[in-house]
Amino acid sequence: MMGPASDLPLCALCGRPMLPGSANFHHLVPKSLGGRETVQLHRICHDKIHATLSERDLARDYPTIKALLSHPEIRRFVTWIKRRPAGFMGSNRRSKR
């Protein structure tokens with residue numbers, strides 16, 4: 001039996017509780033570009049980041065959660081996703097970059 005939502009880790013991007021099986025680790029600077037530091041995110045939040053930004057953009061302009069939240073599309077997504085339940089697992093289309 002699961003404990004209350006307050007016992008669950010929180011997504012570093014949206015701040016919602018992370019249910020078991022909903023987590024992905026995101027390299028703040030892509031691993032392919034030398035990044036080592038990771039944060040735990042919901043799959044949908046992780047997918048949104050990679051559907052919106054290239055690896056070079058992430059490394060150059062968005063290497064922190066604070067920087068990611070400054071991106072207009074990511075900020076709109078976070079405002080939207082915060083109103084969804086912790087288990088919400090919608091999908092994101094991949095960009096055609």
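Count residues from 1 along the sequence.
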**Asked** Stepwise, does the side-chain contact (heavy atoms from CB on, under 4.5 Å) test hold for T64 with L28?
**Response** CA-CA 6 Å; T64 66; L28 291 169; 5.6 Å; no
**Item:** Transitive ILVMFWY side-chain link W80 to I65, under 4.5 Å
**Value:** yes
Flag side-chain contact, heavy atom, 4.5 Å: [X] against [Y]:
X	Y	value
N24	R43	yes
H27	E37	no
L13	V39	no
L69	V78	yes

**Item:** Set of side chain to side chain contact (heavy atoms under 4.5 Å, CB included) partners for H71, sequence neighbours left out
**Value:** T52, L53, Y62, E73, I74
**Fill in**
By side chain to side chain contact (heavy atoms under 4.5 Å, CB included), P30 pairs with (sequence neighbours left out) S32, L33, E55, L58, A59
**Message:** Is it the case that atom CZ in R56 sees more than 12 heavy atoms from other parts of the structure closer than 6.0 Å?
**Reply:** no
**Prompt:** What's the shortest heavy-atom distance between S70 and A67, and which atoms?
**Reply:** OG-O, 2.5 Å
Pairs under 3.5 angstrom only: tabulate donor-acceptor contacts from the side chains of residues 81-90 to other protein residues two or more places apart or in another chain.
none

**Asked** Hey, does the side chain of S22 reach the backbone of M18 with a donor-acceptor pair shorter than 3.5 angstrom?
**Response** no
**From I49 atom CD1 to I44 atom CD1, the distance as rounded to the nearest 0.5 Å** = 11.5 Å
**Fill in**
Interatomic distance, CZ@F77 vs SG@C14, rounded to 0.5 Å, equals 7.0 Å
**Request:** Output, in order, the C-alpha distance, side-chain angles, deciding distance and verdict of side-chain contact (heavy atoms from CB on, under 4.5 Å) for H26 and L41.
**Result:** CA-CA 7 Å; H26 170 67; L41 306 175; 3.4 Å; yes
**Message:** Would you say H42 and H46 are linked by a side-chain donor-acceptor pair, where the criterion is simply a distance under 3.5 Å?
**Reply:** no
